[in-house]
Amino acid sequence: MYTLLKTTKALLALHLCTTVDALVGWPEGGTKVTGNAVLFDRETWERNLAQPNATGSISVTGFDISQKWPSQGVNGWTLSVNVSSDVPDSQSMNANSTATGSVTGTSIFLKAPEGIQSAFADQTALDETTWKICVNVIPNGPQDDDSAADNGTCSFLSSQCIADLQQAYADKFSGSQDCYSPPSTPSSCGGTVDTNNFQVQQLPLTSVNGTEVFVTASESHAVGDETAWNNATKQVWPVLTVWGWNTRAKAPEDSTPQVQLSCLRASSVESGSDTPSSAELPFRGAAMLALGIASVTTWYASL
């Protein structure tokens, strides 16, 4: 009976890992976990991604969310992406003794200025906040859009598409509900994006210290295989951020959230890493550390 139960649990865990495109996130983490990243627990993932082979970071104008909604816009917010090649399969949750391959992992972060980060170390601030931030990562962006590396713009989208996307998200926002399913794709965007593929995540305000909001990983590949690495460093990640309110704000009926679309790419190869063979990327020095590392008990342990 014990052997049968153990086998059933193993098969169920394998089924979940191989058929699910995305899980809500790591337990209590507020992180959207997709692709083969679902095979890793948070602690293992963050340990590997804390020493990335390539990074990208852009400045975004956010808000002082330590104050009541609505507050003034502030500089100092950053969107960033880390890419690590060759994350060992042997460190995954369902690894076996013959696992010799690896995956290429990507993590995306939204980080607040230091003063705002420290404000949410206080549980009272979390309990009383009037803000709600929705982060929407678009996984089907193009590759090698230079503007994503230079200034965070999304030149592969028309200005009308960008305006319509932002308006569609503003119109669908509700302060009384959690972050929502994406609206329909505006006709002005044609086939450049499909909102059905957007990964929507409500950002826990404790995550503005640099905890990842989105992670994904490639299919397993041989160690040193550059195909996934090349693709990951060329991938453009459009991120649509909705700066809204919750019910405590008692916002007027005609209130509108601020919606911002930015694009980023892991365009800077870290010192000591091999430059991708099919992408000419600049080198930079120190690695960007993924903050907020925490050990969690994986969901599968409860099976």
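Heavy-atom basis, side chains included; hydrogens, waters and symmetry copies ignored.
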A.B. asks: Hey, what do you get for OG1 (T153) to CD1 (I58), rounding to the nearest 0.5 Å?
C.D. replies: 9.0 Å

A.B. asks: Are any non-hydrogen side-chain atoms of F214 and T106 less than 4.5 angstrom apart?
C.D. replies: no

A.B. asks: Using the rule given for side-chain hydrogen bond (donor to acceptor under 3.5 Å, both in side chains), can you reason through S107 versus W45, listing the C-alpha separation, both sets of side-chain angles and the distance that settles it, and then say yes or no?
C.D. replies: CA-CA 9 Å; S107 290; W45 183 265; 2.8 Å; yes

A.B. asks: Identify the two heavy atoms, one from A222 and one from D86, that lie closest to each other, and give their separation to 0.1 Å.
C.D. replies: O-OD1, 4.2 Å

A.B. asks: Tell me, with the steps shown, if S102 and D89 meet side-chain hydrogen bond (donor to acceptor under 3.5 Å, both in side chains).
C.D. replies: CA-CA 5 Å; S102 63; D89 284 341; over 6 Å; no

A.B. asks: Would you find a donor on one side and an acceptor on the other, under 3.5 Å apart, between the side chain of Q235 and the backbone of G141?
C.D. replies: yes

A.B. asks: For the backbone of P183 and the side chain of T195, can you confirm whether one donor and one acceptor N or O come within less than 3.5 Å of each other?
C.D. replies: yes

A.B. asks: To the nearest 0.5 Å, what is the distance between CD on E114 and CG on N209?
C.D. replies: 9.5 Å

A.B. asks: Taking atom types as modelled and ignoring hydrogens, do the side chains of T55 and N82 form a donor-acceptor contact shorter than 3.5 angstrom?
C.D. replies: no

A.B. asks: Out of curiosity, L240 CG to L165 CG, how far, rounded to the nearest 0.5 Å?
C.D. replies: 6.5 Å

A.B. asks: Which of these, N53, T233, D225, T104, sits in a side chain to side chain donor-acceptor pair (under 3.5 Å) with S85?
C.D. replies: N53

A.B. asks: Hey, what do you get for NZ (K32) to CD (Q202), rounding to the nearest 0.5 Å?
C.D. replies: 11.5 Å

A.B. asks: To the nearest 0.5 angstrom, please state how far the CZ atom of R42 sits from the CG atom of L49.
C.D. replies: 11.5 Å

A.B. asks: Between P113 and W77, is there a side-chain heavy-atom distance shorter than 4.5 Å?
C.D. replies: yes

A.B. asks: Apply the test side-chain hydrogen bond (donor to acceptor under 3.5 Å, both in side chains) to residues D41 and T44: give CA-CA distance (whole Å), side-chain angles for both, the deciding distance (0.1 Å), then the verdict.
C.D. replies: CA-CA 6 Å; D41 63 42; T44 301; 2.9 Å; yes

A.B. asks: Examine distances only and state if a side-chain atom of W243 and a backbone atom of K132 form a donor-acceptor pair shorter than 3.5 Å.
C.D. replies: no

A.B. asks: Assess whether side chain to side chain contact (heavy atoms under 4.5 Å, CB included) is satisfied between E212 and E46, documenting all intermediate values.
C.D. replies: CA-CA 9 Å; E212 55 275 273; E46 291 187 334; 2.3 Å; yes

A.B. asks: Starting from the C-alpha separation in whole Å, work towards a yes-or-no answer on side chain to side chain contact (heavy atoms under 4.5 Å, CB included) for V239 and L261.
C.D. replies: CA-CA 6 Å; V239 179; L261 180 66; over 6 Å; no

A.B. asks: If you measure only the distance, is there a donor-acceptor pair under 3.5 Å linking the side chains of S80 and T78?
C.D. replies: no

A.B. asks: Tell me yes or no: between the side chains of N48 and S84, is some donor less than 3.5 Å from an acceptor?
C.D. replies: no

A.B. asks: Look at the side chain of N36 and the backbone N and O of S218, then say whether any donor-acceptor pair between them is shorter than 3.5 Å.
C.D. replies: yes

A.B. asks: Please report whether the ring centroid of F63 lies less than 6.0 Å from that of W69.
C.D. replies: no

A.B. asks: Any donor-acceptor pair under 3.5 Å linking the side chain of S71 with the backbone of D64?
C.D. replies: yes

A.B. asks: May I ask you to decide if P182's main-chain N or O and K172's side chain share a donor-acceptor pair within less than 3.5 Å?
C.D. replies: yes

A.B. asks: If you count heavy atoms of other groups shown closer than 6.0 angstrom to CD of Q258, is the number above 12?
C.D. replies: no

A.B. asks: Q117 side chain to A112 main-chain N or O, any donor-acceptor pair under 3.5 Å?
C.D. replies: yes

A.B. asks: Can you list the steps and then say if N136 with Y169 is a side chain to side chain contact (heavy atoms under 4.5 Å, CB included)?
C.D. replies: CA-CA 10 Å; N136 309 269; Y169 272 86; 3.3 Å; yes

A.B. asks: When hydrophobic residues are tied together by side-chain contacts of less than 4.5 Å, even through go-betweens, does V200 share a cluster with V135?
C.D. replies: no

A.B. asks: Has the side chain of R248 got a donor or acceptor atom that lies under 3.5 Å from a matching backbone atom of T129?
C.D. replies: yes

A.B. asks: Do I108 and V137 come close enough that some side-chain heavy atom pair is under 4.5 Å?
C.D. replies: yes

A.B. asks: Out of curiosity, L39 CG to S220 OG, how far, rounded to the nearest 0.5 Å?
C.D. replies: 9.0 Å

A.B. asks: Could you walk me through whether V193 and F156 satisfy the side chain to side chain contact (heavy atoms under 4.5 Å, CB included) test, starting with their C-alpha distance in whole Å, then the side-chain angles of each, then the deciding distance to 0.1 Å, before giving a yes or no?
C.D. replies: CA-CA 10 Å; V193 292; F156 75 98; 4.1 Å; yes

A.B. asks: Over 60° means perpendicular and under 30° means parallel, so classify the ring planes of W245 and F173, tilted if in between.
C.D. replies: perpendicular

A.B. asks: Quick one: do V223 and V83 end up in the same hydrophobic cluster if we chain Ile, Leu, Val, Met, Phe, Trp and Tyr together by side-chain heavy atoms under 4.5 Å apart?
C.D. replies: no

A.B. asks: Does the side chain of Q143 reach to within under 4.5 Å of the side chain of R265, using non-hydrogen atoms?
C.D. replies: no

A.B. asks: Is there a donor-acceptor contact under 3.5 Å from the side chain of K111 to the main chain of S207?
C.D. replies: no

A.B. asks: Without swapping roles, check the side chain of T34 against the backbone of V215 for a donor-acceptor pair under 3.5 Å.
C.D. replies: yes

